[in-house]
Amino acid sequence: LTEKSPQDFGCGLSRWTLAALAEKVPCLSVYKSLSGIFYLLLALQLAWIRCRDIIESIDPSIAYKIRRNRRILGYVRKHPQKAVMLFLDEFSVYRQPLKGKAWAKKGTQPKNQRSRKSNTRLRIVGAINAQSGQLHYDHASKITVRRLSQFLMTLRRLYLTKRIYLVLDNWHNVHRHPQTIATLAELGIIALWQPVYHPQSNPIEKLWWHISEEILRIHRFSDNWEGLKRRVFDWMDQFLAPSQRLLEMVGLLSTPAIRTQP
């Protein structure tokens, strides 16, 4: 019931409340107070939880693309001298700290110190080697088609003698731009397009999550933009060499390594 809209049951609310449940669920009428319903929900392993944004993918090729990527991952693991699989994506770092939870004395709230300056942005493009856990990245104020093409050329130089399988999303302004497509073909890089609106199928998304949690949430560098960027780069630089820890962090050592669920 809680997964359905209250409006399906003739209630004008957008989400369930204890009072709405008491009104619309006949069996709950035995409870004389809302607190009774509250404790019943707790006993049923239900809780008042913050929602998560989702966009349902309508890509009809999801199953095929996931199977293909898993098959190629298995191939490059067996033949590391012949081919490499890279997971590519972009990430934004902002001056203003992200909100989050932190330890504080009861009755108080942790302070999230924001700057009076504009919310400056840094863009990072990164790629993770699926076999070694080595991270490659570049940064700029904006990742343009030209900047991405330069990064692709860098990847080709790093893996000059190997076939490159590159997993990336369908960002039409840059990834799907005709010039990017031409660069991929010229460099002999095989693009493996992710399912549409399916970021969980790209393990590098977990790397961005770790940066957000460890560096960007409630940081104290809102008035020190250069210092914040240095902290981000220093954190990422620890993975410039092959890293089993990075493979563990992004789930590439788990089974399955390429997820279908968030």
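Not measured: the values here are computed from a predicted model.
- The number of heavy atoms from other shown groups lying within 6.0 Å of CD (Glu214) is above 12.
- By the 30° and 60° cut-offs, the orientation of the rings of Trp235 relative to His210 is parallel.
- Scanning all heavy atoms of the two residues, the minimum distance from Ser222 to Arg114 falls at OG-C, 3.7 Å.
- Atom OH of Tyr39 is surrounded by 12 or fewer heavy atoms from other residues, nucleotides or ligands within 6.0 Å.
- Atom NZ of residue Lys229 and atom CZ of residue Arg231 lie 15.5 Å apart, to the nearest 0.5 angstrom.
- Side-chain contact check for His139 versus Val232: every heavy-atom pair is 4.5 Å or farther apart.
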### CA sep, side-chain torsions, deciding dist, call: Ser201, Ile66, side chain to side chain contact (heavy atoms under 4.5 Å, CB included)
CA-CA 7 Å; Ser201 63; Ile66 296 296; 3.5 Å; yes
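- Other residues, nucleotides and ligands place more than 12 heavy atoms under 6.0 Å from the CZ atom of Arg176.
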#### Entry: Evaluation steps, side-chain hydrogen bond (donor to acceptor under 3.5 Å, both in side chains), between Thr154 and Arg157
CA-CA 5 Å; Thr154 299; Arg157 287 194 296 270; 3.2 Å; yes
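- To the nearest 0.5 Å, atoms NZ (Lys82) and OG1 (Thr161) are separated by 12.5 Å.
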### Message
Please determine whether side chain to side chain contact (heavy atoms under 4.5 Å, CB included) holds for the pair Ser115 and Gln96, giving the CA-CA distance in whole Å, both sets of side-chain angles, and the decisive distance to 0.1 Å.
### Response
CA-CA 7 Å; Ser115 173; Gln96 305 293 11; 3.9 Å; yes
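- Between Glu90 and Leu148, the shortest heavy-atom contact is OE2-CD1, 4.2 Å.
- Between Leu240 and Tyr137 there is a side-chain heavy-atom pair separated by less than 4.5 Å.
- Closest of all the heavy-atom pairs between Gly100 and Ile218 is O-CD1, 3.4 Å.
- Between the CH2 atom of Trp225 and the CZ atom of Arg121 there is a distance of 10.0 Å, given to the nearest 0.5 Å.
- A single hydrophobic cluster is not seen to contain both Ile258 and Trp193; linkage of ILVMFWY side chains at heavy-atom distances under 4.5 Å, directly or through other members, places them apart.
- Side-chain contact between Leu21 and Leu41 is present, with at least one heavy-atom pair separated by less than 4.5 Å.
- Between Thr180 and Val174, the shortest heavy-atom distance links the atoms OG1-O, 2.6 Å.
- Contact of the Ile204 side chain with the Leu88 side chain is not registered, since no non-hydrogen atoms from C-beta on lie closer than 4.5 Å.
- In this structure the side chain of Leu158 reaches within 4.5 angstrom of the side chain of His136, judged on heavy atoms.
- In this structure, the separation between CG on Leu184 and NE2 on His177 is 12.5 Å, given to the nearest 0.5 Å.
- Cluster annotation: Phe151 and Tyr165 are assigned to distinct hydrophobic clusters (Ile/Leu/Val/Met/Phe/Trp/Tyr, side-chain heavy-atom contacts under 4.5 Å, transitive).
- A donor-acceptor pair under 3.5 Å is absent between the side-chain atoms of Arg220 and the main chain of Gln113, judged by distance alone.
- By the rule that hydrophobic residues join a cluster once side-chain heavy atoms approach within less than 4.5 Å of another member, Leu246 and Ile124 end up as members of one cluster.
- Closest non-hydrogen pair, Leu247 versus Gln131, comes out as CD1-O, 3.5 Å.
- In plain terms, the two heavy atoms of Arg123 and Trp171 that are nearest each other are NH2-CH2, 3.6 Å.
- The backbone N or O of Tyr64 sits nowhere less than 3.5 Å from a side-chain atom of Ser61 that would complete a donor-acceptor pair.
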### Query
When you look at Lys24 and Trp16, which way does the side chain to side chain contact (heavy atoms under 4.5 Å, CB included) test go after all the steps?
CA-CA 10 Å; Lys24 296 299 179 180; Trp16 288 107; 4.0 Å; yes
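- Between Trp208 and Phe91, the ring-plane angle classifies as parallel under the 30° and 60° cut-offs.
- The neighbour count for Ile58 CD1, taken as heavy atoms of other residues, nucleotides or ligands under 6.0 Å away, does not exceed 12.
- Side chains of Arg147 and Val125 form no contact here, defined as non-hydrogen atoms less than 4.5 Å apart.
- Glu248 has no carboxylate O lying under 4.0 Å from a charged side-chain N of Arg245, or vice versa, which leaves the two without a salt bridge.
- Side-chain contact between Gln194 and Asn69 is absent, with no heavy-atom pair separated by less than 4.5 Å.
- Between Phe221 and His219, the angle of the ring planes lies from 30° to 60°, which puts this pair in the tilted group.
- The structure places CG of Leu122 at 8.0 Å from CD1 of Ile143, a figure rounded to the nearest 0.5 Å.
- With Lys162 contributing its side chain and Pro80 its backbone, the two residues share a donor-acceptor pair below 3.5 Å.
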### Message
Please evaluate residues Leu86 and Asn129 with respect to the criterion side chain to side chain contact (heavy atoms under 4.5 Å, CB included), reporting the C-alpha separation (whole Å), side-chain torsions for both, the decisive distance (0.1 Å), and the verdict.
### Response
CA-CA 5 Å; Leu86 303 172; Asn129 184 316; 4.0 Å; yes
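- Taking CZ of Arg163 as the reference point, atom CD1 of Ile190 lies at 5.5 Å (rounded to 0.5 Å).
- A salt bridge links Arg230 to Asp237: one of the charged nitrogens lies within less than 4.0 Å of a carboxylate oxygen.
- Side chains of Ser149 and Arg146: a donor-acceptor N/O pair is absent below 3.5 angstrom, by distance only.
- Cluster annotation: Ile128 and Ile211 are assigned to the same hydrophobic cluster (Ile/Leu/Val/Met/Phe/Trp/Tyr, side-chain heavy-atom contacts under 4.5 Å, transitive).
- Within a 6.0 Å radius of OH in Tyr197, no more than 12 heavy atoms belonging to other residues, nucleotides or ligands are found.
- Note on Val250: it clusters hydrophobically with Ile215, by side-chain heavy-atom contacts below 4.5 Å among ILVMFWY residues.
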